[in-house]
Asker: 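There's a structure below that I have some questions on.
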4 protein chains.
Amino acid sequence: MKLSDKKMRKKKEDILLSAIKVVNKKGPNGATMEDIAAELLMTKGSLYYYFKNKEDIIFQCHEMVLTEATSDIVDCQNGNGTNEEKLLNMIKTHIRYAIEKKEIFNMMIKPGEMFTEVQLNQILHMRNEYALKFDETIVKGIASGEFVSEDPVLTRMMILGAMNWIQQWYRPNGKKTINEIQEIYAASLLKLLK
Amino acid sequence: MKLSDKKMRKKKEDILLSAIKVVNKKGPNGATMEDIAAELLMTKGSLYYYFKNKEDIIFQCHEMVLTEATSDIVDCQNGNGTNEEKLLNMIKTHIRYAIEKKEIFNMMIKPGEMFTEVQLNQILHMRNEYALKFDETIVKGIASGEFVSEDPVLTRMMILGAMNWIQQWYRPNGKKTINEIQEIYAASLLKLLK
Amino acid sequence: MKLSDKKMRKKKEDILLSAIKVVNKKGPNGATMEDIAAELLMTKGSLYYYFKNKEDIIFQCHEMVLTEATSDIVDCQNGNGTNEEKLLNMIKTHIRYAIEKKEIFNMMIKPGEMFTEVQLNQILHMRNEYALKFDETIVKGIASGEFVSEDPVLTRMMILGAMNWIQQWYRPNGKKTINEIQEIYAASLLKLLK
Amino acid sequence: MKLSDKKMRKKKEDILLSAIKVVNKKGPNGATMEDIAAELLMTKGSLYYYFKNKEDIIFQCHEMVLTEATSDIVDCQNGNGTNEEKLLNMIKTHIRYAIEKKEIFNMMIKPGEMFTEVQLNQILHMRNEYALKFDETIVKGIASGEFVSEDPVLTRMMILGAMNWIQQWYRPNGKKTINEIQEIYAASLLKLLK
DNA sequence: TATGAATGAGTATTCATTCAT
DNA sequence: TATGAATGAATACTCATTCAT
């Protein structure tokens, strides 16, 4: 029925969230089914009621994370304002992800060992979809004269790369607040499009 | 004597190189001692003649890689030319690493699960030493009026981050040659210091 | 609940008993997890469901054995009769152990390699507790004029030592029955307290 | 030649002595060829020049130890004095062994895992030869009216057992000197023959 | 005579997966 | 729907043994 369907979906999501946490701490190979289950006060056997196997869990983690992030970025894109304003929003959103949802974010940028060719391609494809949102905005900005770039894709790569690196050094009690980082990065990175 | 010492050292290096390859393909947890040995037509048992355990091998991989890369960057720093020219060289060197020694490079930027606190700190310290070379050059460039930056360290983070991301998308038969990438990145990233 | 708790406890005990057998035949180092499991028609992997590791199993073997034996000796001590009668009972009980539960007994008198300092001390402490029961009875017997000994502890050492040696030579089909051995030893060893 | 023959014999003995030490600390299974070699500043490979394999080393350890001890006991037997005096000497000699050559002694009383039937029987036979020396003296003492015993063999078992236990509790800095222990044990144990 | 190097069989341990209940 | 229990394949590591030099 609908009810148990919802429960099922909720539980699945819980498991995925738990898996994300564990995978981020120990890596996909280091994370054990027991780790994932323990977080939820379940036993590892139960996980198999919801997922086919470990690979399946890890894969759906990536899927969930990328879907959510893409949706947020699309929201920026569909908002009001100039292309520059939109891109600034997208940059800030991405940075917020990198910092506040470090675990989820990490999964977005590391395809991770363990997958079959097919699965890996699927994930990389989704990741590319995400990146395309940035490209679209940049290209529109170039068309409207807001931006300048000889190679928009390469420029986007630089922008995303610079931001993805944040989670490598960011520490909660560091000198800069999230806001400051967002502002400085946004301002600086826009220079790449001038 | 010296002879067997050299042989020993050579063998150790061979093992580390093999380990780097395997770790890059399967991650530190996925890489097995057998994988590492097979590459060299050895049996896993033999590895223990040269290294204490797997952890030891993986750690020394990182150590070797970072030492080598730092040495190359220091060479750029000690060369002739303005600070801008030096930084350009460092950027090109870093990009060459990211592309041509993808495996080694990957190890430089992913601390990886599996280490003890002590070991991890040691590795992060070495990585920081590497980054400091960039900072030094940037700071000198600011002093000499070549560069402008409110926050040199943050700017360096952007520059390195942008470059580190290259190995995520670079494909040997892509549209851009290594040279082109080096030029475009160098030119673009310098904008962050203007 | 209680049911599965009991099953668990039963299984653990079975494993310990199997381990005792194997350890006695091959020594603690020679005994393999596979040996221990095979006896119970299990696979070695299953043992880890019940115990943390091999060391844990071996340690708990000693613990179980010493607890049981001490309890039997305390029963003798709490019985009726003179101190001489009590000591005779204790001697006979100890001999019965040495002969009938040779395997368990062996574990009582050989601390065995493989333990950490802490564990070894714990075991030696339990063994000492056991021996103290003999001392108490001897001392009371001296106080009551039944026994004579300049050094009760040393005398107890002789008595226990003499008995512990039995399992080195006793063979089921030998000339003496268990009963005869018990009688002869009890009578002879009491001479040490006269 | 004679010279290299002697060297060979000396080296073999050194190896056996080293093996005895190690086996006593770690048990026959826990002792590694490397341990044995290290003590002598050799490499494990070299041991195979002197002995066929590990089993061979351990076996010859037992052989050496038992031969030496038996020779000492025979000396007591061949000395002057009454049978009681001889037995007292044998007891003191045995105790000295148990205390001063604890490692060697230990090997005498623990046949140890690891042997083939044939080897084990050979060792047990030698051990029996050693015990027979005590029996002979006791029997002669009974014949001469010095001793009384219904079952000389059983009495000898008690005497040896009591002494063998000493190395389980003796500590170099304990309350009793070796001399005192020898005297008390000798005096007490003779009671078993009265 | 000794050793450096390699090997391979064995061992403890982990863990994804299964399944009866 | 969940779990307790078991399994077996994989994996790090050890060590006796071999052998060319």
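None of the values given here were measured: they were computed from a predicted structure. Order of the sequence lines fixes the chain letters, A, B, ..., with proteins taken first and strands second; residue numbering starts at 1 for each chain.
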Asker: Please determine, for E:dT21, whether a Watson-Crick or G-U wobble partner exists with both distances under 3.5 Å, and give it or none.
Answerer: F:dA2
Asker: Could you tell me whether B:A31 contacts a base, only the sugar-phosphate backbone, or nothing, with contacts defined as non-hydrogen atoms closer than 4.0 Å?
Answerer: sugar-phosphate
Asker: The side chain of C:M42 is closest to which nucleotide in this list: F:dT7, E:dC15, F:dT3?
Answerer: F:dT7
Asker: Between P on E:dT17 and CD on A:E34, what's the gap in Å once rounded to a whole number?
Answerer: 14 Å
Asker: Need to verify one output field. Residue with the more 5' nearest nucleotide on DNA chain E, B:T43 or D:G45?
Answerer: D:G45
Asker: Indicate, with a heavy-atom threshold strictly under 4.0 Å, whether C:F51 touches base, sugar-phosphate, or nothing.
Answerer: nothing
Asker: Has D:E34 got more than 12 heavy atoms of other residues, nucleotides or ligands less than 6.0 Å from its CD?
Answerer: no
Asker: Quick one: A:E55 CD to E:dC15 P, roughly how many Å, whole number?
Answerer: 18 Å
Asker: Would you mind reading off the distance between A:L40 atom CG and F:dT1 atom P, rounded to a whole angstrom?
Answerer: 16 Å
Asker: Using the side-chain heavy atoms of A:Y49, tell me which of these nucleotides is nearest: F:dC13, E:dT3, F:dT1.
Answerer: F:dT1
Asker: How close or far is atom C1' of E:dT1 from atom CD1 of D:I15, stated in whole angstroms?
Answerer: 11 Å
Asker: Looking at the side chain of A:K54, which of F:dT17, F:dA12, E:dA16 is the nearest nucleotide?
Answerer: E:dA16
Asker: Does atom NZ of A:K102 have more than 12 heavy-atom neighbours, drawn from other residues, nucleotides or ligands, at distances under 6.0 Å?
Answerer: yes
Asker: Distance from A:D14 atom CG to A:R9 atom CZ, nearest 0.5 Å?
Answerer: 13.5 Å
Asker: Roughly how many Å is it from CZ in A:F59 to P in E:dA16, rounded to a whole number?
Answerer: 19 Å
Asker: Provide the closest heavy-atom pair for C:M33 versus C:L47 in the form atom of the first, atom of the second, distance.
Answerer: O-CD1, 3.4 Å
Asker: Rounded to the nearest angstrom, tell me the gap between atom CE in A:M33 and atom C1' in F:dG4.
Answerer: 16 Å
Asker: For B:L47 and C:Y48, take the nucleotide of DNA chain E holding the closest heavy atom to each; which residue's nucleotide lies nearer the 5' end?
Answerer: B:L47
Asker: Do you see a donor-acceptor pair shorter than 3.5 Å between the side chains of A:Q168 and B:R127?
Answerer: yes
Asker: If E:dC15 has a Watson-Crick or G-U wobble mate with both distances under 3.5 Å, name it; if not, just say none.
Answerer: F:dG8
Asker: Nearest whole angstrom, please: distance from the P of F:dA5 to the CG of C:L41.
Answerer: 18 Å
Asker: Under 4.0 angstrom, heavy atoms only, what part of the nucleic acid is C:K11 near: base, sugar-phosphate, or nothing?
Answerer: sugar-phosphate
Asker: With a non-hydrogen cut-off below 4.0 angstrom, is B:S46 in contact with a base, only sugar-phosphate, or nothing?
Answerer: base
Asker: When you measure from the centre of the six-membered ring of A:Y97, is the NZ or CZ of A:K101 closer than 6.0 Å and no more than 45° off the axis?
Answerer: yes
Asker: Does F:dG4 have its OP1 or OP2 closer than 4.0 Å to a side-chain nitrogen or oxygen of C:Y50?
Answerer: no
Asker: Distance check needed: E:dT1 C1' versus D:K7 NZ, whole Å only.
Answerer: 10 Å
Asker: Can you tell which of F:dT17, E:dA12, E:dT1 lies closest to the side chain of D:M8?
Answerer: E:dT1
